[in-house]
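Everything numeric here is computed off the predicted structure, so don't read it as measured data.
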Amino acid sequence: MLELKRRLARLLVEKSYREGDFVLASGRRSDYYFDCRVTALHAEGAWLIGTLFNHMLKELSIRGVGGMTMGADPLVSAVTVISHEQGRPLHGLLVRKEAKGHGTGQFVEGLGNFSAGDSVAMLEDVVTTGGSLLKACDRVRAAGLSIAAVCAILDREEGGREKLREAGYDLLALFTRKELVELAR
C-alpha cells in the first residue's frame with residue numbers, strides 16, 4: 001500500500017496543490033490550497049483513492065460510505081466502484097448542503113440502499129476545522145444511520161482532528177500535510 005500512497009501523493013501535489021492566497025470553506029485564509037477534486041476526477045487518482053480508502057475501511061463492519069456534496073462525490077463513487085470490484089460492495093450516499101427544494105425535501109441522497117441503523121463511513125477530501133464533516137455526520141445520523149468512521153484524504157493539521165474527536169469521532173486520514181509532502185518527493 002505504501003507505493004500506492006506514494007503514487008497518490010505525487011498526483012495530489014501535481015494536480016491538486018496550489019500556492020497563493022485562498023479562503024477555505026472554514027473561512028480561514030491559507031497560503032496553499034488542495035483541490036482534491038482534480039485528482040479524484042483523474043482516472044488513476046480515482047482508482048488510487050478508491051483502493052486506499054477501501055483498504056483503510058476493510059476491517060470495519062459498514063454498509064456504505066457517504067459525504068458532503070460536492071467534495072465527497074467523486075470519493076464516494078471511487079470507493080463504491082472499487083468495493084464492488086473487490087467483492088465487498090459498499091453503497092454510497094451524498095449529503096446536500098441545503099435540503100432538496102422539491103420532492104421529498106431531504107438532505108441525504110441514496111438512502112434507498114440502506115436500512116435504519118446501518119453503519120457507514122463518512123468521507124471528506126480535506127479536513128481543516130472538521131466543520132463540514134461534522135455537519136454531514138449530523139445529517140446522516142438524523143436520517144437514521146450510524147457513523148462507524150470519518151475519513152479524509154488530507155488532514156491539514158489545523159484543529160479538525162481535535163474537533164472531530166470532541167464530537168466522538170476519530171479521524172482516519174490517508175495523509176497529514178507533512179506525510180503528503182514527504183511521500184510526494
Side-chain angles (χ1 to χ4, degrees), residues 1-26 28 30-58 60 62 64-97 108-110 113 120-133 135-136 140 149-158 160-161 171-185:
M1 285 297 137
L2 182 59
E3 185 51 37
L4 296 184
K5 280 186 78 169
R6 189 171 280 119
R7 284 171 50 193
L8 180 57
R10 288 182 186 132
L11 261 180
L12 283 165
V13 169
E14 175 190 335
K15 302 272 182 202
S16 298
Y17 178 74
R18 302 289 174 261
E19 292 181 349
D21 183 28
F22 301 96
V23 177
L24 306 176
S26 63
R28 291 183 181 183
S30 177
D31 61 354
Y32 74 97
Y33 182 71
F34 273 97
D35 183 356
C36 289
R37 284 177 300 252
V38 176
T39 301
L41 292 168
H42 180 274
E44 182 183 13
W47 182 84
L48 288 165
I49 288 166
T51 300
L52 289 166
F53 270 141
N54 270 282
H55 180 75
M56 177 185 281
L57 298 169
K58 70 180 180 184
L60 296 178
I62 57 174
V65 295
M68 186 70 80
T69 198
M70 161 124 206
D73 294 8
L75 310 181
V76 169
S77 293
V79 171
T80 59
V81 168
I82 297 297
S83 73
H84 178 78
E85 181 182 79
Q86 293 180 350
R88 182 187 178 227
L90 299 173
H91 304 299
L93 55 89
L94 298 173
V95 180
R96 293 176 175 273
K97 289 179 175 34
V108 182
E109 298 293 340
N113 295 317
V120 298
M122 298 301 290
L123 308 179
E124 180 72 281
D125 52 1
V126 179
V127 170
T128 303
T129 65
S132 62
L133 189 51
K135 183 184 282 188
V140 166
V150 293
C151 310
I153 294 174
L154 176 66
D155 174 6
R156 286 177 58 107
E157 300 177 291
E158 295 182 21
R161 178 179 298 274
L171 177 64
L172 305 173
L174 292 176
F175 305 101
T176 61
R177 181 183 183 190
K178 181 181 177 188
E179 291 167 335
L180 180 66
V181 170
E182 288 174 6
L183 282 173
R185 289 185 185 148

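The minimum heavy-atom distance between M56 and A173, with the atom names listed, is CE-C, 3.7 Å. For the residue pair T129 and S26, the shortest heavy atom distance occurs at CG2-CB, 3.6 Å. The minimum heavy-atom distance linking L57 with C151 is given by the pair CD2-SG, 3.7 Å. Scanning both residues, N54 and V79, for their nearest heavy atoms gives ND2-O, 3.1 Å.
With I153 as reference, L12 is the one residue of L12, V126, V127 to meet the side chain to side chain contact (heavy atoms under 4.5 Å, CB included) rule.
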In residues 67-76, what donor-acceptor pairs under 3.5 Å come from side-chain atoms, sequence neighbours left out?
residue, atom, partner, partner atom, Å
T69, OG1, D73, OD1, 2.8
T69, OG1, D73, OD2, 2.8

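In this structure, the side chain of R28 engages the main chain of E158 through a donor-acceptor pair within 3.5 Å. Under the 3.5 Å distance criterion, the side-chain polar atoms of T80 are matched with a main-chain donor or acceptor of S77. Side chain of R18 to backbone of K15: a donor-acceptor contact under 3.5 angstrom is found.
Donor-acceptor pairing under 3.5 Å is recorded for the side chains of S30 and R156.
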*Please lay out, stage by stage, how L183 and L2 fare under the test side chain to side chain contact (heavy atoms under 4.5 Å, CB included).*
CA-CA 9 Å; L183 282 173; L2 182 59; 3.9 Å; yes

*Determine, stepwise, if the pair E124 / V150 fulfils side chain to side chain contact (heavy atoms under 4.5 Å, CB included).*
CA-CA 8 Å; E124 180 72 281; V150 293; over 6 Å; no

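The shortest side-chain heavy-atom distance between L24 and F34 does not fall under the 4.5 Å cut-off. When side chains are defined from C-beta on, L8 counts as touching F175, because their heavy atoms get closer than 4.5 Å.
Under the side chain to side chain contact (heavy atoms under 4.5 Å, CB included) criterion, E182 pairs with K178, R185, not counting sequence neighbours.
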